[in-house]
Amino acid sequence: MALLQIAEPGQSPQPHQQRLAVGIDLGTTNSLVATVRSGIAEALPDADGRVALASAVRYHADHVEVGCSAREAAASDPYNCILSVKRLMGRGLADVQQLGEQLPYRFQAGKSHMPFIETVQGAKSPVEVSAHILQVLRERGEAALGGTLTGAVITVPAYFDDAQRQATKDAARLAGLNVLRLLNEPTAAAVAYGLDQKTEGVVVIYDLGGGTFDVSILRLSRGVFEVLATGGDSALGGDDFDHAIARWMIEQADLSSDLSPSEQRYLLQQACAAKELLTMQDTVEMQYKNWQGVLTRVVFEGLIEPLVARSLRACRRALRDSDVELDEIESVVMVGGSTRVPLVRARVAELFNCTPMTDIDPDQVVAIGAAIQADTLVGNKRAGEELLLLDVTPLSLGLETMGDLVEKIIPRNTTIPVTRAQDFTTARDGQTAMVVHVLQGERELVSDCRSLARFELRGIPPMVAGAAKIRVTFQVDADGLLSVTARELGSGVEASIQVKPSYGLTDTEISGMLKESFENAANDKHARALQEQRVDAERLLETVRSALQADADALLTEQERVLIEERMRALDTVRKTEDINSIARHIQQLNHATNEFAARRLDATVKAALAGRQLNEMEG
Amino acid sequence: MNVAAAKASVCSMAQRTDYFALFALQPSFAVDTAALAVMYRQLAKDVHPDRFANASAAEQRKAVELAAELNDAFQTLKSPTQRALYLLRQQADLPEETTIQDNEFLLQQMEWREQLEALQEQADLKALEHFKQALKQARSEIDDAFASCVEDSQQRLQAERLARRMQFLDKMFYEVRQLEERLDD
């Protein structure tokens, strides 16, 4: 076969070369990075052997400190130590103030609606703060694996809305990570758990972390992890337990409620320590300034009861949405540090009428699941069963219609990716523009839902009211991110956006930060960008090469094949140069040349899959 | 090889897809949903975007479209109401809004609405459960009736009427679900 000769000697990557990929659990309290090595998924430790990196960032005038030393400094330097930043991701200033707690930071509004935090290094957005954490993890991964990462899977709470997901992806981009997929945390946990225990059937993942709560109900079947329903609360977690204890202390010690940021931090640290002690013992002695008191487990449970009840309501709702009966549930898996609290375990056991599984490390399971998915996505074949995750959208997506109402286009718990279209019309004679207001949430009224984006379709030809036909198409991709297109069907006028949430960073803000981060980066920016382009080029060449080998004869004309081969040779030559732009351009050209080929291959795949099935049917 | 043919089949993918054929089924209201789910998972393994995480941008986009279409096909055939409407649309055009008179069902509709309103006042979960069972019973009778007339073109009107009843029942179930959620809060 002529095609085999395309590869010139020495240029072909080793056929079984492992691509470097990691899974990252970007948590409220702690973050982890994990990878698959020699078929085993494991969390990667730092130089001191610790796998958990405290999700705490401290800004100094000339450098940034990440980890537990930054957390410990929170009481003495509250304005510059940012803790639990995940709770601020993708939220507006007003949301943050509604979180129902006093946060010891100085906020200011940015050009976007994001809450910026004033620090000694100037105003920092939650995205930037998160990027510092991710960067430490990326460096840890690269050091352990000895090379540039092909990509990373980053986990997010299943109940994160579009704005929160987009913010997470932006943070990864700032940290120089290629995001292979955003993966829902409970789904990641299910992967780690399911593969480990070889479970089949319906599994519930109850994931109560530091700042977020998720519940997912999945059906596990021969390597396919199908999420049936998910629910949760992206502002409920162990941090709220701490705040409840702190409020109790304020009340008991008769403190004024406007404490200084340092005092607040100190109280929260005391509260957190007390909460942890109450897992093992029935009482804990507490002290603050002149006050001394005893917190019993009973009192503590009374304080957190309403919070636990909130999580159970979300469980019941997910259960109803999944159409699964209680007795079908195979097991309930506890994930997240806050599931160590005895009351949480007891209530969950009661609701699902079975003993929850707690034997896998609730702190590491998410990162490990993400690592397994990352490994699969970069194409490192796992021994045994293929793995496929079918996830859902956590919240309904819709549009504003007349009368401040929301018309749902994609209901919650719809399997992704999904594309849905709905036709609308004009309300007035001669109307030439239409505002498309995209919303997320379950309520009927616009004001009760999360506003994701607003854009305008202009240039509609003037017609009588009701005559124009405007098709609005929603597409949610496998990361759970939404894009929306509006099109007037008669004239073909089109407007589309990748939804940039109202509470996200503007593109200008991101490019400014990228520039800044490059300038501040210790390692050479040019070298890094060049390396990334080279990796992309090699990956693409390898993909096309194997595609040609498999399907060129069947799907391409001689002429088409010659063109693709020419562009491959051109890319192969420039990728050895230092010219980043030229490499990028050649990548694009080769991509362009293979577009049609790609479409044909996919179609052939579907046909082949179908033909195979029908054959099996007949044999069976 | 026939490039033209391959190309044509790609271009017509969207229009061509017959959801039943996609799952190697004959068009029929009777569908073994368990077997359908198994088939769906098999097909998803081949077209899910995760399979193309390393492919070109074009292939990735195409995979998202295909997977979305597969998901839609599965959802359509899994839901008895959607399946019924799909079958009717395959046979002939189906108007968006119902235009058929259904006086017999109208009374029943009004009765259920009144019951649901009363339940909203009572906030009684047991009574609500009872009501749900009654709806389920009605639903299964409608399904049976639909199955017995959908393939007979003489009874097209009746089939449409039954499909509209299914839609109404779906709406009732949705409202019951909303009420359950409210009572749970």
Side-chain angles (χ1 to χ4, degrees), chain A residues 19 151 180-181 219 221-224 226 313 316-317 320-321 373 376-379 386-390 414-420 475-478 539-540 542-544 547 553-557 560 590-592 594-596 598-610 613-614 617, chain B residues 1-14 16-17 21-25 35 37-72 74-75 78 96 174 176-178 180-181 184-185:
Chain A
R19 293 199 182 87
L180 296 165
R181 186 71 77 234
R219 188 182 298 282
S221 166
R222 286 190 237 159
V224 181
E226 187 182 0
R313 268 204 299 277
R316 285 193 293 269
R317 187 162 95 160
R320 278 193 295 266
D321 282 358
Q373 168 76 336
T376 311
L377 289 181
V378 293
E386 279 178 294
L387 173 71
L388 181 69
L389 315 185
L390 300 170
T414 302
T415 307
I416 54 174
V418 57
T419 307
R420 289 278 158 85
Q475 183 172 75
V476 180
D477 66 16
R539 208 167 60 187
L540 179 63
E542 196 190 317
T543 309
V544 177
D553 285 349
L555 300 178
L556 288 177
T557 64
E560 289 168 323
L590 178 56
N591 258 328
H592 193 74
T594 53
N595 265 352
E596 179 61 34
R600 284 181 213 159
R601 289 193 76 214
L602 258 154
D603 197 45
T605 304
V606 175
K607 273 200 216 148
L610 200 56
R613 298 288 115 70
Q614 279 165 318
E617 291 287 290
Chain B
M1 60 153 287
N2 189 344
V3 174
K7 206 167 176 173
S9 84
V10 172
C11 296
S12 62
M13 181 91 202
R16 165 180 63 109
T17 312
L22 188 60
F23 292 99
L25 294 169
V38 171
M39 187 66 127
Y40 162 70
R41 288 194 282 265
Q42 287 295 332
L43 286 172
K45 276 189 175 174
D46 293 319
V47 300
H48 194 275
D50 282 1
R51 287 279 168 269
F52 301 90
N54 271 306
S56 66
E59 257 174 316
Q60 289 191 10
R61 270 197 304 277
K62 185 81 187 163
V64 170
E65 277 170 35
L66 274 179
E69 194 181 343
L70 175 68
N71 284 337
D72 222 29
F74 177 54
Q75 293 307 328
K78 199 172 74 168
E96 281 292 315
Y174 176 76
V176 167
R177 172 79 52 95
Q178 300 273 85
E180 279 176 332
E181 261 166 43
D184 200 8
D185 280 342

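Here the structure is a predicted model, which means the values were calculated and not measured. A, B, ... follow the sequence lines: proteins, then strands. Residue 1 opens every chain.
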A/R317 and B/D184: side chain to side chain contact (heavy atoms under 4.5 Å, CB included), yes or no, with the steps?
-> CA-CA 9 Å; A/R317 187 162 95 160; B/D184 200 8; 6.0 Å; no
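The existence of a salt bridge linking B/D50 and A/R181 is confirmed by a sub-4.0 Å separation between a basic side-chain nitrogen and an acidic carboxylate oxygen.
Both the backbone and the side chain of A/V378 come within contact range of chain B, each with at least one heavy atom under 4.5 Å from a heavy atom of that chain. For A/L180, no part sits under 4.5 Å from any heavy atom of chain B, backbone or side chain. The part of A/I416 that comes within reach of chain B is its backbone (N, CA, C, O), which places non-hydrogen atoms under 4.5 angstrom from that chain.
If you take OG1 on A/T376 and CZ on B/R51, they are separated by 8.0 Å, rounding to the nearest 0.5 Å. The structure places CD of B/E65 at 7.0 Å from OG1 of A/T419, a figure rounded to the nearest 0.5 Å. Here CD of B/Q60 is found 10.0 Å from CG of A/D477. Values are rounded to the nearest 0.5 Å. For the atom pair CG of A/N595 and NZ of B/K62, the computed distance is 11.0 Å after rounding to the nearest 0.5 Å.
At least one side-chain heavy atom of B/H48 sits under 4.5 Å from a side-chain heavy atom of A/P417.
Comparing B/A37, B/A44, B/A63 by heavy-atom pairs within less than 4.5 Å of chain A, the highest count is held by B/A44.
Considering every non-hydrogen atom in both A/V224 and B/R41, the closest pair reads CG1-CD, 3.7 Å.
Under the side-chain contact (heavy atoms from CB on, under 4.5 Å) rule, A/T415 has a single partner from B/L70, B/N71, B/D72, which is B/N71.
When atom types are taken as modelled, the side chain of A/N591 and the backbone of B/A58 share no donor-acceptor pair closer than 3.5 angstrom. The backbone N or O of A/R320 sits less than 3.5 Å from a side-chain atom of B/R177, completing a donor-acceptor pair.
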